[in-house]
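Single-structure report; data block below.
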Amino acid sequence: MDVEQTDFPGLLVITPRVFSDERGFFKETYQQERYQSAGVGVSFVQDNASRSTAGILRGLHYQIQNPQAKLVHVVEGEILDVCVDLRKNSPMFGKSYAIRLTGENHKQLFVPAGFAHGFYVISPQVDFVYKCSDYYFPEYERTLLWNDPALEIDWPLTGEPLLSPKDREGLPLDQCEVFES
Ligand SMILES: Cc1cn([C@H]2C[C@H](O)[C@@H](COP(=O)(O)OP(=O)(O)O[C@H]3O[C@H](C)C(=O)[C@H](O)[C@H]3O)O2)c(=O)[nH]c1=O
């Protein structure tokens, strides 16, 4: 397993060991002891999966109460995965991090609590799965506006993205509730 630190405290890129043979491949996508000693200092309580087609953009979401740390990866397809640091005391507050996650690169992103998270679909279809460190509380969910100029996110758009009504109504960073710690 390879673990890369980033400039964002706690945000990690993890690449599991992939065992390939003539049948295909095998990999462990999570192993509590190994991941916790690598810096994934949370336990997970909920697994999610979504399927999207090209041009869809989901996000940027977070829960202002019961914030969720997430361990995300792509099973099949390709996305640009983006998270924004909303921790006021972080040296990277308001900054965005982007990484291409694909079924081929096997990369995972550990997103600590305190980030808004989303992705844009590059491949014709993507299956996206992730572990969450807290449960879903829709009443606490907030949406950061995906194209807030203050975020300077370079989305690889091939046209107008397909957004949910909720995501179309996201708030710019300067109007969003953020995290004190
Ligand atoms: C997130 C979630 C949603 N739902 C229900 C609520 C809606 O009826 C339906 C679709 O929800 P939504 O449009 O919020 O799904 P996404 O746009 O994929 O949301 C996710 O998008 C980005 C990528 C994230 O990082 C978040 O984890 C998550 O907010 O699933 C649930 O029942 N449980 C859940 O945990």
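For ligands, and for the atoms within them, numbers begin at 1 and follow the listed sequence.
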Keeping [X] on the side-chain end and [Y] on the backbone end, is there a donor-acceptor pair under 3.5 Å?
{"X": "Gln108", "Y": "Thr29", "result": "yes"}
{"X": "Trp155", "Y": "Trp146", "result": "yes"}
{"X": "Asp148", "Y": "Leu145", "result": "no"}

Open item on the list: Residues around ligand 1, heavy atom under 4.0 Å from any ligand atom, sorted by chain and number. Can you pull those?
Closed with: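 Its neighbours under 4.0 Å (heavy atoms only) are Gln46, Asn48, Arg58, His61, Lys70, His117, Phe119, Tyr130, Tyr136, Glu141, Lys166, given by chain and number.
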Task: Partners meeting salt bridge (charged side-chain N to carboxylate O under 4.0 Å, His left out) with Asp21 (sequence neighbours left out) - done: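 Asp21 satisfies salt bridge (charged side-chain N to carboxylate O under 4.0 Å, His left out) with Arg23 once adjacent residues are dropped.
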Task: Residues which pass salt bridge (charged side-chain N to carboxylate O under 4.0 Å, His left out) with Lys131, listed by chain and number, not counting sequence neighbours - done: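 For Lys131 the salt bridge (charged side-chain N to carboxylate O under 4.0 Å, His left out) partners, ignoring immediate neighbours, are Asp47.
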Open item on the list: Once side-chain contact (heavy atoms from CB on, under 4.5 Å) is applied, do any residues pair with Arg142, and if so which ones, sequence neighbours excluded?
Closed with: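 Arg142 satisfies side-chain contact (heavy atoms from CB on, under 4.5 Å) with Tyr62, Ile64, Glu177 once adjacent residues are dropped.
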